[in-house]
Structure formats: C-alpha cells, structure tokens
Enquirer: 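The structure follows.
Reminder, nothing fancy here: chain letters follow the sequence lines and each chain counts from 1.
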2 protein chains.
Amino acid sequence: MSTSAARRRERWEPDARRRQILGCAVRLFGARGYDEVSTADIAAAAGVARGLVNHYFGTKKELYLEVVRVLLTVPDTALTTIPDGDLTARVDGATTWFLDAIARHTDAWVAAMGAATPGRDPDLAAVIAEADEATVDVILRLAGRTPHPRARSPLRAALRAYVAFARSGAMEWLVHGSLSREQTHVLLSRTLTTLLTETIPVISSRSGPSEQPGSW
Amino acid sequence: MSTSAARRRERWEPDARRRQILGCAVRLFGARGYDEVSTADIAAAAGVARGLVNHYFGTKKELYLEVVRVLLTVPDTALTTIPDGDLTARVDGATTWFLDAIARHTDAWVAAMGAATPGRDPDLAAVIAEADEATVDVILRLAGRTPHPRARSPLRAALRAYVAFARSGAMEWLVHGSLSREQTHVLLSRTLTTLLTETIPVISSRSGPSEQPGSW
DNA sequence: CGACCTCGTTGACGCACCGCCAACAGGATG
DNA sequence: CATCCTGTTGGCGGTGCGTCAACGAGGTCG
C-alpha cells in the first residue's frame with residue numbers, strides 16, 4: 001500500500017488511485033486518530049501530492065468518514081447463518097461468532113471502536129448509527145423477529161443500548177484484559193438472553209414515549 | 001460569564017480569571033465540540049486576548065480536558081444516601097435518582113456525553129475512565145460490596161460495561177425519545193439487578209484472565 | 001503624591017495545516 | 001509526430017495555535 005517514494009507523476013486510473021489513498025488513510029487513521037494525522041501524512045504515505053487527496057475526497061473530514069465506514073464494515077464479515085436451537089443456544093452461537101470475529105481482527109476492530117466515537121459531528125454519528133442498526137438487525141433475526149425495518153421502537157432502543165454494552169465488554173477483554181474470553185462470553189450472552197426474554201417484554205408492555213404500546 | 005466587550009486591560013486575580021475563562025470554555029465546548037471552537041472564540045467570549053488562554057491552560061487540548069472534567073462532575077451531584085430495602089429496592093431507588101439527576105441537567109449531561117467520547121487521546125480516556133470508576137464505586141456500594149479500591153477485577157469490568165449500557169439507554173430516552181422514562185427505568189434497573197444477582201456470580205466463578213478465580 | 005516595581009495582560013511573529021486552482025505533463029489517439 | 005484529455009502537481013491564501021518580548025494597571029514605598 002505504501003508506495004515507495006520518489007516516483008513522480010505516475011498516472012493511475014481514478015478508481016485505483018482513490019482506493020490506494022483510502023487504504024493509506026485507513027492505515028494512518030486506524031493507528032493515530034483524526035488530528036494526529038495530517039492530509040500531508042496521507043499524501044506522503046501514498047507518494048502523492050497533497051492536493052490530490054482533496055481532489056478525490058473533497059475535505060479531510062469527508063475522507064475520515066469514508067475511513068470510518070471502512071473500519072466499521074471490514075470487521076463485520078456478516079453473520080450469515082443463524083445458529084439452530086432454542087433462543088439460548090442461538091444467542092450462545094452468535095456470541096461465539098462475534099468473539100471469534102473480533103479476536104481475528106483485533107487491531108482493526110479496536111481501531112474501529114477508537115475511530116467510531118460518536119462525537120459531536122452529525123455526519124460521523126450517522127455513519128456509526130447505521131452500523132449500529134445493522135447490528136441490531138442481526139440480533140433481531142437472532143431472536144426470530146422480522147426487523148420492522150428501522151422503526152424507532154423501544155425494542156430497537158434497548159438493543160442499541162445492548163450494543164454499547166457488548167462493545168464495552170469486548171473492550172474489557174481485548175484491550176484491558178480484565179475479562180477472560182470465557183467470562184466475556186458469559187457476560188454478553190446471558191445479558192442478551194435476559195434482555196430478550198425478560199426485560200424487553202416488560203418494556204414493551206409499558207406505555208411508550210408517545211405511541212405504540214405493544215407493537216413490536 | 002460573558003464579559004461585555006470593550007473593557008481593556010482589566011487586571012484580575014489569577015484564580016478568578018482562570019475560572020472565568022474555564023467557564024466560557026465550558027459553555028462553548030458544551031455546545032459545539034472540539035474543533036468547532038477556536039481558542040479565539042473562547043478568548044473573545046471572555047473578553048480577553050487569545051494568548052491569555054494559553055497562559056492559563058497551556059494547550060487547547062489541556063483546556064479541553066479540564067472542561068470535560070467539569071462537565072463530567074457537575075451533573076453528578078453524588079448519590080449520597082443509599083436507599084433502603086433489598087437489592088431490588090435499592091437498585092430501583094438508585095435508578096430513580098439517576099434518571100432524576102440527568103433529567104434535571106439534561107443539557108449539561110448530554111453535553112458531557114458528547115464531549116466525553118473516549119476517542120484516541122489517552123489523557124481524555126483517563127479523565128473519562130476516572131469518572132466511570134466513580135460510577136462503578138456507587139454501584140458497588142449499592143450492591144453492598146466494599147469496593148476493593150480500583151482492582152482490575154472482572155466484577156468492575158462487567159460494571160463498566162453496564163455503565164456504557166446505562167448511558168446509551170439514557171440517551172435513547174433523553175436525546176432520541178425512543179424510550180419513555182418508565183421504560184428506561186425498567187431497562188436499567190432490571191438489567192442491573194440481573195447482572196448483579198445472576199450474571200456476575202457466574203462470571204466470577206469462571207477462571208479469570210490470569211488470576212483471582214473467585215476473589216470479588 | 002509621584003517614582004517604581006510587580007505581574008497580569010497584550011499583540012504580533014512563526015509555524016503547521018487545510019482548501020483551492022491554474023498550470024503541467026503522462027499517455028492514448030489519429 | 002502533433003494533439004487532446006485528464007490525472008497530477010505545486011504554490012497561494014487563509015485560519016488556527018503556541019510563544020514571547022513588551023506593555024501597563026494597580027499596589028508599594030520613600
């Protein structure tokens with residue numbers, strides 16, 4: 001990815017050049033955070049003039065958004081097959097899959113968690129929110145619910161909170177080393193099971209923010 | 001706080017001046033995020049030369065850290081009295097207190113959550129981590145445990161994950177409006193109760209990352 | 001009451017970074 | 001080989017931040 005320097009004015013296809021610059025940006029932003037990386041760094045890593053970065057990506061922030069999108073989708077490797085069995089077994093299987101996945105791409109996943117910090121920027125928040133919703137969809141399919149696509153329901157809200165929980169728990173395992181893998185597994189799977197079977201039914205029976213008393 | 005402009009070269013006590021600038025910084029950073037606010041903005045809001053901000057706080061980032069510290073501690077209003085009754089009742093009371101507290105200072109709390117985003121900066125992460133640990137201590141006292149001060153135990157790890165869960169759930173209520181207050185209450189209290197009575201005991205009985213098999 | 005001293009405060013300088021754009025040149029075409 | 005298209009360059013203008021020497025408000029002392 002890192003072009004060996006010195007070659008001047010090499011003319012590439014726009015697509016290839018764009019991918020190359022994006023790759024360098026992913027590598028740098030994945031390692032060092034938004035304002036520790038300058039567009040000059042990225043251009044240098046790609047062996048390219050600084051202006052070209054703006055030419056392909058407009059603004060530094062726009063480039064960053066694309067990088068976060070990449071970081072958030074790469075470690076996904078989407079859970080395609082829903083495990084069999086009762087709910088407990090399915091949750092267990094999905095937890096195993098999840099922990100395997102992030103253990104395999106630890107660096108990328110941790111980088112994604114670091115970069116995908118829903119700060120104040122609304123565009124960045126939107127990108128992260130989209131990734132969250134996708135995760136919620138997975139959990140819903142896991143629970144055997146057809147995901148009313150993207151309703152602002154209490155069900156989805158509770159699961160979004162769970163996603164934050166799961167991420168934090170996984171960070172405890174992978175980054176801080178304060179949980180073993182087995183402990184993390186128990187923490188995530190049991191909490192999700194309880195949430196789905198006990199807590200959420202109660203929540204859904206209570207009156208919502210303004211509408212749907214028992215819609216999910 | 002916002003000094004009416006034009007007054008030139010007014011000489012204050014260092015403490016007062018420092019507090020004044022910090023106040024303006026809190027107001028601005030609370031509303032607009034790190035790189036949407038320039039030190040010139042802060043200086044202007046305080047009716048002061050830009051250089052003075054650096055004189056009192058060194059770097060813009062150091063100032064930001066102080067602001068986050070303020071934002072994280074202000075909405076605390078520390079839970080002093082532990083409710084009576086069994087665990088369920090105590091958790092219930094504490095949840096009520098928590099939701100009351102953040103409802104009272106919604107703006108400040110949301111601002112704090114926006115600012116206290118554990119991005120890549122290690123110093124910022126440290127400030128946030130400290131606030132998290134304080135919250136975990138509250139929960140531990142709630143559960144009747146004497147908080148082994150700051151051990152890297154699986155117990156604390158699980159509770160840190162819960163803190164992320166609670167914050168996310170509260171945001172669903174306050175910001176997105178996807179949960180009613182009652183629903184949020186049920187979500188937070190029941191999840192914490194289950195965590196304390198069912199999940200954590202199981203976790204603690206499993207082998208840890210390397211040590212304490214059943215220490216908490 | 002005026003000279004003097006202290007230290008809070010100022011304004012400007014240097015530097016790094018970003019967005020923009022006119023000019024340049026690689027390489028395909030005829 | 002001449003010509004055109006367009007990917008690419010390098011520099012210009014503007015902004016924001018950290019530093020520093022100089023300034024002056026306000027108290028002190030003779």
Enquirer: How long is the line joining CZ of B:Arg17 and P of C:dC7, in whole Å?
Expert: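 My rounded result for the distance is 17 Å.
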Enquirer: Of all the choices, C:dT9, C:dT10, D:dT8, which nucleotide is nearest to the side chain of A:Arg9 once you look at every atom?
Expert: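 Selected nucleotide: D:dT8.
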Enquirer: Rounded to whole Å, please give me the gap between OH in A:Tyr64 and P in C:dG19.
Expert: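 Answer to the nearest Å: 15 Å.
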Enquirer: Rounded off to whole Å, could you give me the CD1-to-P distance for the A:Ile21 and D:dT9 pair?
Expert: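 Result: 9 Å.
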Enquirer: Taking salt bridge (Lys or Arg N to Asp or Glu O under 4.0 Å) as the test, write out the residues that go with B:Arg104, two or more places apart.
Expert: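 By the salt bridge (Lys or Arg N to Asp or Glu O under 4.0 Å) rule, B:Arg104 matches no residue at all.
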Enquirer: Could you work out which one of D:dG10, D:dG7, C:dG8 sits closest to the side chain of A:Tyr56?
Expert: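 Out of D:dG10, D:dG7, C:dG8, the nucleotide with an atom closest to A:Tyr56's side chain is D:dG7.
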Enquirer: Under the side-chain contact (heavy atoms from CB on, under 4.5 Å) rule, collect the residues that match up with A:Val110, sequence neighbours excluded.
Expert: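 Only A:Thr106, A:Val175 meet the side-chain contact (heavy atoms from CB on, under 4.5 Å) criterion with A:Val110.
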Enquirer: Take atom CD of B:Glu13 and atom P of C:dT9, then tell me their distance rounded to the nearest Å.
Expert: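 After rounding, the reported distance stands at 10 Å.
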Enquirer: For nucleotides 12-20 of chain D, read 5' to 3', which letter fits each nucleotide if B means a protein heavy atom sits under 4.0 Å from the base, S means only the sugar-phosphate is that close, and - means neither?
Expert: -----BBB-
Enquirer: A:Trp12 has an atom CH2; how far is it from atom P of D:dT8, in whole Å?
Expert: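 Spelled out: CH2 on A:Trp12 to P on D:dT8 is 9 Å.
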Enquirer: On DNA chain C, check which nucleotide each of B:Arg11 and A:Leu52 is closest to and give me the residue with the more 5' one.
Expert: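 Nearer the 5' end of the strand: B:Arg11.
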Enquirer: Within this structure, what is the CZ-to-P distance between A:Arg18 and D:dG7, rounded to whole angstrom?
Expert: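 From A:Arg18 CZ to D:dG7 P: 13 Å.
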Enquirer: Give me each pair satisfying salt bridge (Lys or Arg N to Asp or Glu O under 4.0 Å) with a member in residues 112-123 of chain B, each pair once, sequence neighbours excluded.
Expert: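 Non-adjacent pairs meeting salt bridge (Lys or Arg N to Asp or Glu O under 4.0 Å): B:Lys61-B:Asp121.
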Enquirer: Roughly, in whole Å, what's the span from CD in B:Glu10 to C1' in D:dG27?
Expert: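 So the CD-C1' distance, B:Glu10 to D:dG27, works out to 16 Å.
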Enquirer: Can you pull out every ring-ring contact (aromatic ring centres under 6.0 Å, His included) where at least one residue sits in residues 39-62 of chain B? Sequence neighbours excluded, please.
Expert: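 As it turns out, there is no ring-ring contact (aromatic ring centres under 6.0 Å, His included) pair with a partner in residues 39-62 of chain B once direct neighbours are skipped.
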Enquirer: Would you mind checking if A:Arg190 and A:Asp92 are paired as a salt bridge, meaning a charged N to carboxylate O distance below 4.0 Å?
Expert: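 No.
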Enquirer: For B:Val37, which residues count as a side-chain contact (heavy atoms from CB on, under 4.5 Å) partner, sequence neighbours excluded?
Expert: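 For B:Val37, the residues satisfying side-chain contact (heavy atoms from CB on, under 4.5 Å) (neighbours in sequence not counted) are B:Leu28, B:Phe29, B:Arg32, B:Asp41, B:Ile42.
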